[in-house]
Amino acid sequence: MAAKVSITIRAPIEKVWEHLTRPELVKKYFFGTEIQTDWIPGSPIYWRGTWEGKTYEDKGKVLEFRLHQRISYLYWSSFSGEPDLPESYQTITYELHSEDGNTALTVRQDCMDNMKEHCEKNWRMVLDGLKKQVE
């Protein structure tokens, strides 16, 4: 079941895009996560960091990268308890739209049914942090 969270950020789409794609900016609002990728579809993507004292490396693959419009990637979390197999990966998509100089951002994540609320709660925290940082 897909989790979906949307937010409007009082900033131009180019600025929001920069904060979604530049590792040094992502780290500031995304739980201190260090992201590594070249954003080319088919390329790997990694999230590394420490959460509650435990070092982690999550990973995935870039599916789509349309400048100032859409980012989509496969994602596997080392915290999920699921094996690192193709069927354990979830699709996460960011969609951006410009609205009167503001940016509407929607994040969708394919979550297991029992995790939809948890996924949405996490994305709300991330997007609230992004909004504070960008505005």
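Hydrogens, waters and symmetry mates are skipped; everything else that's a heavy atom, side chains included, is used.
Of the residues listed (F30, F31, Y73, W76), the one engaging W47 in a ring-ring contact (aromatic ring centres under 6.0 Å, His included) is Y73, and it is the only one. Paired with E24 under the rule salt bridge (Lys or Arg N to Asp or Glu O under 4.0 Å), one option of R22, K27, K28 passes, and it is R22. Among I92, T91, I45, the single residue meeting the side chain to side chain contact (heavy atoms under 4.5 Å, CB included) criterion with Y75 is I92.
Between L105 and L20 there is a side-chain heavy-atom pair separated by less than 4.5 Å. Residues T37 and V62 meet the side-chain proximity criterion, which asks for heavy atoms closer than 4.5 Å.
Note: S78 OG to K59 NZ = 10.0 Å, rounded to the nearest 0.5 Å. One distance of note links NZ of K15 with NE2 of H68; it measures 13.5 Å at 0.5 Å rounding. Q36 CD to S43 OG: the interatomic distance, rounded to the nearest 0.5 Å, is 11.0 Å. With rounding to the nearest 0.5 angstrom, the CZ atom of R108 is 15.5 Å from the CD atom of Q90. Atom CD1 of I40 sits about 14.0 Å away from atom NZ of K61, to the nearest 0.5 Å.
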Notebook entry, point to check: For W17 and I71, what are the C-alpha separation, side-chain angles and deciding distance, and is it a side-chain contact (heavy atoms from CB on, under 4.5 Å)?
Noted result: CA-CA 10 Å; W17 185 263; I71 299 170; 3.4 Å; yes
Note to self: What verdict does the side-chain contact (heavy atoms from CB on, under 4.5 Å) test give for V5 and T106, after you've listed the backbone C-alpha separation in whole Å, the side-chain angles of each residue and the deciding distance to 0.1 Å?
What the structure shows: CA-CA 6 Å; V5 178; T106 299; over 6 Å; no
Note to self: Set out, in order, the CA-CA distance, both residues' side-chain angles and the distance that settles side-chain contact (heavy atoms from CB on, under 4.5 Å) for N102 and I9, then state yes or no.
What the structure shows: CA-CA 6 Å; N102 296 323; I9 300 172; over 6 Å; no
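When ring centroids are compared, F65 and W39 come within the 6.0 Å threshold. Between F79 and Y56, the distance separating the two ring centers is shorter than 6.0 angstrom.
With respect to the salt-bridge test (charged N to carboxylate O, under 4.0 angstrom), the residues R66 and E64 qualify. The residues K121 and E117 are annotated as not salt-bridged, no charged nitrogen and carboxylate oxygen being separated by less than 4.0 angstrom. Salt-bridge check for R48 with D58: failed, with every basic side-chain N at 4.0 Å or more from each acidic carboxylate O.
Here P86 pairs with nothing under the side chain to side chain contact (heavy atoms under 4.5 Å, CB included) rule; sequence neighbours left out.
Between the T33 side chain and the I35 main chain, no donor and acceptor come within less than 3.5 Å of each other.
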Just distance, no hydrogens or angles: give the donor-acceptor pairs under 3.5 Å from side chains in residues 122-135, sequence neighbours left out.
from: N122; atom 1: ND2; to: H118; atom 2: NE2; distance (Å): 3.2
from: W123; atom 1: NE1; to: Q109; atom 2: OE1; distance (Å): 2.6
from: K131; atom 1: NZ; to: T8; atom 2: O; distance (Å): 2.6
from: K131; atom 1: NZ; to: E135; atom 2: OE2; distance (Å): 2.9
from: Q133; atom 1: NE2; to: H19; atom 2: ND1; distance (Å): 2.8
from: Q133; atom 1: NE2; to: L25; atom 2: O; distance (Å): 3.1
from: E135; atom 1: OE1; to: R10; atom 2: NH2; distance (Å): 3.2
from: E135; atom 1: OE2; to: R10; atom 2: N; distance (Å): 2.7

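Among all heavy-atom pairs drawn from T103 and A11, the shortest one is OG1-O, 2.8 Å. The shortest non-hydrogen separation linking A3 to K116 is CB-O, 4.0 Å.
In summary, the side chains of D84 and Y89 do present a donor paired with an acceptor at a separation below 3.5 Å, with no hydrogens or angles considered.
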